[in-house]
Participant: 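Handing you a structure now.
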Amino acid sequence: MLKILKYSFYDLMRSRWSYVYFVFYLLLGFVLLFLNNNVSKAVITLMNVIIILTPLIGTIFGVMYYYNSKEFTGLLLAQPIKRSTIFLGQYFGVALSLSMSLVVGLGIPFIAYGIFMSDAIWDFGLLLVTGAFLTFIFTALSFNIALRNENRIKGFGYAILLWLFMAVIYDGIFLMSLMIFEDYPLDTFSLSATMFNPIDLSRVLILLKLDISALMGYTGAIFQKFFGTNFGMFLSIGVLALWVLIPVWFIRRVARRKDF
Amino acid sequence: MNWIFVYICIFFIVPHTGMLQAETIRVCKKCEASTIKEGILKAAPYDTVLVQKGTYKEVDIRIDKPLVLKGENYPLIDGEFKGEIITIVSDDVTIDGLFIINVGTSYTKDYAAVRVTRSENFLLQNLVLEKLFFGIYLEKSNNGRIYHNNILGDAEEEYNSGNGIQLWYSNNIEIEHNTISRVRDGIYLEFANNCTIRNNKSVNNIRYGLHFMFSNNDVYSNNTFENNGAGVAVMFSKEITMHNNVFQDNWGTASYGMLLKEINDSEIIGNTFKDNTVGINIEGSNRVTYKGNDFIGNGWAIKSRGACYTNLFLENNFLFNSFDLSYNSRLNDNKFENNYWSNYAGYDLDKDGIGDIPYRPVKLFSYVVNNTPEAIILLRSLFVDIIDFSEKVSPVFTPDNLVDQFPKMKPFAHDRN
């Protein structure tokens, strides 16, 4: 598996798109810091970008990579290598290279502007960790979609739909149900609804670490009480990890049974 | 020539010597009085008791005749946490330049560093109060002045701390140039009318920087209220004038720059509200004019909780607030005009400095949050940005007539003096 991972990783590292992605984050980081020169405020702006963009890029890149390397995959399948090894190797190659673009691309400008000196280091770290998690989650989901759909157009369509659902539609349904059931106690509901969507979970995790959490009033206080403790923090990291593990397990299962 | 000299003596000097009969009694270890109490006992009405530098461990000093109690080089009066330190029960008393510490804490009595009871024409100035329960406490005392005092508490909790300056049934009081920090309420007014509160600094208090209850016709201007537990509360009062105050850094889940409750016929002009969770929280306040204020970087600039009618919001700057306005009903009787809104995205084709399309300060999300507070968890979600945008284009939920018809294109440069 490591060999294939290495191969996919280097292959992607050489590809133009990783560079574009890397340079995009690099520029974003520098421009943000240049414009307001305040590390903690840049973290807030960056959160908006990361929460929306990393899942989108992860999804599209994952699907694209799978379809593009289909012929090479076919070649590999002819060799005496375990199927799960091939697909997991490819998956980790993609996810790792994307996360590296993110972490290094944002890391360089922030280090240059003195993130180590600032109090925002933990917020920034959390931001990168959740960004990497989101990349892993959405790449895994997109691999699942691609494995199940031979038709590229269909595969892309589903992948975009998945992103749209998680980033926008889910929140719409969430908001509607909050408004419809406003007569009932909604604390537990909103807590669990947040848990079930990795984008929402990451957003709330980061927001609660920032000053802006004071805006959330008593709802925020309930969330703070939950996520602020070690237990809550571990639980949410655990949920994010589950969001990675379950799709990866599905990749293995589908790959083993699939008829190429 | 001689006659003229004699006349001068008779008409000018003789009456003066008559007034100079007010004597000065010195208090120090080796003086005619060794304790402040003794000094007061020896003094005749309208005398001066001059306390020289040193430490005086005294409590329950009762001033029952008109006199001046003056400290030289800030003598220290240590109450050793035994109770109240100075009580004034006479008219025309001046206290000047003392350093008073260690007031006793009690759960049944409001011990104060200086208390004025049923007296008039007093002046409390240049006092330094530390480690206190209540600082300056006026009850049923009118026409006084509290000037240039420094009150520094060490309050940790609301239930076992007192207020910096407290007025109870006291009218015509001037409170100026005081610095108050780390007490429960910086300045607390209850049934205090016609008072002037000017140029004070009330910071880092546990509860409110300034707290108004049932006090009418008061003026407060040029004060700074910073980093207080809950900001400033103005409640159940009318005809209050608030000019050029600064409310900033009152940040927390239950903090406000200013909380208005049942305030009628008042003026809020030229104030700055900066970095507060809520700039002004308004509840049941009518006929209030908000003019020329700056709202900068607040969570909510204005949160209107209902029952607010005929208020005017004119020529204010709303700069970079998360929400400019939160409003909880479909009915609007308040007027917003000629304000500058940093979120305004309109244009000005005729170049008259006023935007050609009206601005709607209430975002849909802020309306939703008002109805279902739990929805705030979706703050900064992409979905929320999308619905805000669509509501901006075609308003459905937010009040139709809650608009600024003439939004300014450029912020006002307010003159703050």
Side-chain angles (χ1 to χ4, degrees), chain A residues 36 41 44-45 47-49 51-53 55-56 163-191 193-194 197 199-204 206-208 210-225 227, chain B residues 227-231 248-257 259 274-279 281 296-303 305 320-324 326 328 363-391 396-397:
Chain A
N36 61 22
K41 278 201 177 136
I44 300 180
T45 319
M47 183 200 78
N48 289 344
V49 178
I51 294 296
I52 301 305
L53 211 62
L56 181 64
W163 172 79
L164 202 64
F165 178 78
M166 287 300 198
V168 182
I169 300 170
Y170 186 90
D171 286 355
I173 298 170
F174 189 1
L175 187 62
M176 287 310 262
S177 39
L178 282 180
M179 286 168 79
I180 290 167
F181 300 108
E182 63 179 329
D183 295 339
Y184 299 88
L186 290 168
D187 311 331
T188 333
F189 169 72
S190 47
L191 261 178
T194 318
N197 182 345
I199 297 186
D200 275 349
L201 182 58
S202 325
R203 185 172 48 79
V204 169
I206 297 167
L207 274 187
L208 287 178
L210 303 173
D211 275 354
I212 201 166
S213 61
L215 290 193
M216 292 192 180
Y218 74 86
T219 314
I222 291 163
F223 274 70
Q224 192 81 58
K225 221 165 142 188
F227 288 108
Chain B
N227 195 22
N228 297 302
Q248 64 183 4
D249 297 319
N250 299 297
W251 193 266
T253 48
S255 290
Y256 311 97
L259 171 75
K274 191 165 180 285
D275 298 327
N276 305 292
T277 320
V278 179
N281 189 69
I296 307 167
N298 302 291
W300 282 269
I302 295 174
K303 208 169 190 175
R305 300 281 206 179
F320 319 110
N321 304 295
S322 293
F323 301 101
D324 287 329
S326 149
N328 74 339
K363 287 184 191 169
L364 175 59
F365 185 52
S366 113
Y367 173 81
V368 169
V369 167
N370 233 320
N371 292 331
T372 24
E374 286 87 358
I376 190 80
I377 204 65
L378 294 169
L379 182 74
R380 287 183 176 254
S381 146
L382 184 60
F383 178 73
V384 164
D385 294 343
I386 293 171
I387 60 166
D388 272 347
F389 179 74
S390 63
E391 176 76 9
V396 183
F397 295 100

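By convention in this document, chain letters (A, B, ...) are assigned in the order of the sequence lines, proteins followed by strands, and residues within each chain are numbered from 1. All values below come from the heavy atoms of this structure, side chains included, with hydrogens, waters and symmetry mates left out.
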Participant: Let me know if B/Val278 has heavy atoms under 4.5 Å from chain A in its side chain, its backbone, both or neither.
Facilitator: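 Neither the backbone nor the side chain of B/Val278 comes within 4.5 Å of chain A.
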Participant: Can you sort out the partners of B/Tyr256 under ring pair (Phe, Tyr, Trp, His ring centres under 6.0 Å), two or more places apart, ordered by chain and number?
Facilitator: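 None.
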Participant: Test side chain to side chain contact (heavy atoms under 4.5 Å, CB included) on A/Phe174 and B/Ser381; report intermediate values, then the result.
Facilitator: CA-CA 11 Å; A/Phe174 189 1; B/Ser381 146; over 6 Å; no
Participant: Kindly say whether B/Gly229 contributes a backbone atom to a donor-acceptor pair with the side chain of B/Ser255 at under 3.5 angstrom?
Facilitator: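 Yes, B/Ser255 side chain to B/Gly229 backbone: donor-acceptor pair under 3.5 Å.
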Participant: Can you tell me how the ring of B/Phe323 sits relative to the ring of B/Phe365, calling it parallel under 30°, perpendicular over 60° and tilted otherwise?
Facilitator: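 Aromatic pair B/Phe323/B/Phe365 classed tilted.
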Participant: Could you tell me which residues satisfy salt bridge (charged side-chain N to carboxylate O under 4.0 Å, His left out) with B/Asp275, sequence neighbours excluded, listed by chain and number?
Facilitator: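 If we apply the salt bridge (charged side-chain N to carboxylate O under 4.0 Å, His left out) test to B/Asp275, skipping adjacent residues, there are no hits.
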Participant: Find the one option among B/Asp385, B/Val369, B/Val368, B/Thr372 whose heavy-atom pairs under 4.5 Å with chain A are most numerous.
Facilitator: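 Winner by heavy-atom pair count: B/Thr372.
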Participant: Where on A/Asn48 is there a heavy atom nearer than 4.5 Å to chain B: the side chain, the backbone, both, or neither?
Facilitator: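 Side chain only.
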Participant: Examine whether an atom of B/Ser322 lies under 4.5 Å from a heavy atom of chain A, and if so say whether it belongs to the side chain, the backbone or both; otherwise answer neither.
Facilitator: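 B/Ser322 touches chain A through side-chain heavy atoms alone.
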Participant: Let me see the working for A/Asn197 and A/Phe165 under side chain to side chain contact (heavy atoms under 4.5 Å, CB included), right down to the final yes or no.
Facilitator: CA-CA 10 Å; A/Asn197 182 345; A/Phe165 178 78; over 6 Å; no
Participant: Shorter than 4.5 Å, heavy atoms on both sides: which option in B/Thr277, B/Leu378, B/Leu382, B/Ile376 has the most such pairs with chain A?
Facilitator: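 Looking at each option in turn, the highest pair count goes to B/Leu378.
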Participant: Identify which part of B/Ala254 has an atom lying under 4.5 Å from any heavy atom of chain A, answering side chain, backbone, both or neither.
Facilitator: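 No part of it gets close to chain A.
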Participant: Answer with side chain, backbone, both or neither: which region of A/Val168 has an atom nearer than 4.5 Å to a non-hydrogen atom of chain B?
Facilitator: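 Its backbone and side chain both get close to chain B.
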Participant: Answer with side chain, backbone, both or neither: which region of A/Leu175 has an atom nearer than 4.5 Å to a non-hydrogen atom of chain B?
Facilitator: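 For A/Leu175, the contact with chain B is made by backbone and side chain together.
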